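A short worksheet on the structure shown next.
A quick note: this is a predicted structure, and the numbers were derived from the prediction, not measured. In what follows, chains carry the letters A, B, and so on, assigned in the order in which the sequence lines appear, proteins first and then strands, with residues in each chain numbered from 1.
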Amino acid sequence: MEWLNIIIQGSLLGGIYALFAIGLSMSFGIMRLVNIAHGDFIVLSAYVALVVTQGTGLDPISSLVVVVPVMFVLGYAIQRGLLNHTLGGGLLPPLLVTFGISVIIQNGLLQGFGAYTQRLHEGGIETASVRIPGGISIGVYPLVVFAVAVFAIASLQLLFYRTGLGRAFRAVSDDADTAELMGIDNRKLYALALGIAMIFTAIAGVLFAIRTIFDPAAGPIRLILAFEAVIIGGLGNMWGTLIGGVVLGVAQAVGAALSPTWQILAGHIAFLVILIVRPSGLFPRTKDL
Amino acid sequence: MSLLQTNNLSAFYGDFQALFDINVTVQQGETVAIIGANGAGKTTFLRAVAGALPTAPAMVLFDGQPIGHQTPHEVVRLGIAMVPEGRRLFPSLSVEENLLIGGHSERKGPWNLKRVYELFPRLGELRHLPAPALSGGQQQMAAIGRALMANPRLLLCDELSLGLAPVVIRDIYQCLGAVTAEGTTVVLVEQDINRALDASARFYCFQEGRLALSAPTKNFDRAAITAAYFGL
């Protein structure tokens with residue numbers, strides 16, 4: 001029972017890692033953009049939520065009605081005004097520019113909010129739990145986060161495979177030059193893609209900030225976790241990303257059970273082991289990489 | 001007024017000049033062939049017309065309007081669609097999804113999914129298969145269908161015969177006849193000279209990025225084509 005408990009708690013923890021990873025996976029999948037600033041966008045979303053909750057008295061979850069549109073517009077604008085200009089010259093230019101964005105966000109937040117740790121408070125749901133047979137107690141909040149991750153990925157799958165926009169995303173991902181020749185405005189599509197990715201980033205940021213303290217420098221570690229979830233699951237496979245998150249979460253839970261100092265390290269070790277055994281991840285879909 | 005006119009069209013890949021002062025005119029409803037050896041600049045010419053290579057605006061006139069500066073997706077909206085060399089279907093999309101991408105510009109006209117399936121009945125049967133599951137000839141049909149979905153006034157076809165069996169090539173050129181019967185203007189790029197000349201009323205022969213010869217295909221002098229083709 002002890003180990004079953006660890007696996008269940010770890011799996012639920014994986015929900016937030018999968019949420020971290022969705023935006024990263026999308027921008028890489030569609031525009032081959034390695035977004036180094038992704039973790040900082042997660043943290044930025046948390047700060048936007050902080051400002052909204054303090055300014056309006058809304059609770060953090062409700063603040064999403066503001067945070068999500070703000071991050072969508074920010075993503076659209078950054079892609080259209082900045083990142084589109086870095087495309088076509090290989091992987092390095094967008095990498096450097098997003099690295100720059102990362103530095104700007106971290107220092108901007110430091111300037112605006114100081115280095116204090118912050119937290120969003122959602123009330124009773126944070127500590128509520130339910131008992132399942134076997135005497136295992138499950139936190140309601142991790143369960144909600146996991147459900148949100150599943151719902152987010154399911155809705156993205158619907159977008160990709162049931163809509164004209166999703167079809168265009170997949171075509172551009174396959175062959176951007178030919179897509180342009182077929183009448184698709186790649187640049188506009190990329191801007192929409194980063195905008196949509198930011199919707200999920202905003203949700204991830206707010207849910208993460210209810211659960212954990214954050215500060216302006218909290219981004220890079222989220223970026224690494226997101227990367228690991230994407231790579232473990234296999235590039236281009238959204239459900240794989242969820243499983244990647246779960247693998248990370250379970251590895252961390254197991255590590256923590258062995259010794260509290262092992263929690264983070266165990267996740268990274270699991271990642272490295274999978275990278276050695278299956279370099280293209282558990283369920284790779286993107287073949288041309 | 002000609003549907004397509006290029007004025008001293010020059011195009012570059014970086015510092016390398018691939019086209020030198022090409023003057024080509026195509027009348028509404030015509031089928032024109034562009035022939036030439038490998039590296040003669042045929043594909044480059046099509047890509048320049050389609051907006052995939054930057055040129056000066058007035059170097060390419062479509063329906064009298066300068067379009068040399070337009071991006072490929074804008075050019076599609078104006079009514080120029082391309083069947084790219086090597087077909088370039090989207091591998092992770094089904095046949096039908098590939099066709100639907102061709103209709104992304106939502107230009108009005110005679111072509112839709114139903115009409116494309118009438119033209120290529122086999123595609124209708126295979127429409128839910130992923131594009132790479134098709135044979136070469138079927139993929140070429142899908143690539144033509146995808147371009148038709150944009151309801152083009154001008155259809156650019158790059159090497160339709162590439163890598164296909166002669167009997168399949170014959171079928172595809174027969175279907176192309178149905179397309180031109182709709183009044184669609186076609187520019188054919190081919191290495192297969194006989195095939196290209198059979199299907200067209202006029203031809204241009206490129207050689208090392210320059211126009212070497214242009215003539216009506218009727219009663220052409222075979223020796224003159226050979227000379228222009230190889231630069232003899």
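- Residues A:Thr178 and B:Pro84 approach most closely at CG2-CG, 4.4 Å, considering heavy atoms.
- The backbone N or O of A:Gly183 lies less than 3.5 Å from a partner atom in the side chain of B:Arg77, making a donor-acceptor pair.
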Next on the checklist: For a side-chain contact (heavy atoms from CB on, under 4.5 Å) check, start with the C-alpha distance between B:Glu97 and A:Arg170, then their side-chain angles and the critical distance, and finish with the verdict.
Outcome noted: CA-CA 10 Å; B:Glu97 286 177 325; A:Arg170 283 183 294 136; 2.6 Å; yes

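- Taking A:Asp177, A:Leu181, A:Asn186 one by one and counting their heavy-atom pairs under 4.5 Å with chain B, the maximum is reached by A:Leu181.
- A heavy-atom distance below 4.5 Å is not found between the side chains of A:Met182 and B:Val76.
- For CD of B:Gln17, the number of neighbouring non-hydrogen atoms (other residues, nucleotides, ligands) closer than 6.0 Å is greater than 12.
- A 6.0 Å sphere centred on CD of B:Glu106 holds no more than 12 heavy atoms belonging to other residues, nucleotides or ligands.
- For A:Tyr161, the OH atom sits in a packed shell: over 12 heavy atoms of surrounding residues, nucleotides or ligands are nearer than 6.0 Å.
- Across all their heavy atoms, A:Arg167 and B:Leu100 have their closest contact at NH1-CD1, 3.2 Å.
- Minimum interatomic distance between B:His73 and A:Glu180 (heavy atoms only, all atoms of both residues): ND1-OE2, 2.8 Å.
- Considering NE2 of B:His104 and CG of A:Leu165, their distance stands at 8.0 Å, rounded to 0.5 Å.
- When the shell of 6.0 Å around OH of B:Tyr13 is examined, it contains more than 12 heavy atoms from other residues, nucleotides or ligands.
- In this structure, A:Asp174 contributes its side chain and B:Ser92 its backbone to a donor-acceptor pair below 3.5 Å.
- Of the two parts of B:Arg107, neither the backbone nor the side chain holds a non-hydrogen atom closer than 4.5 Å to a non-hydrogen atom of chain A.
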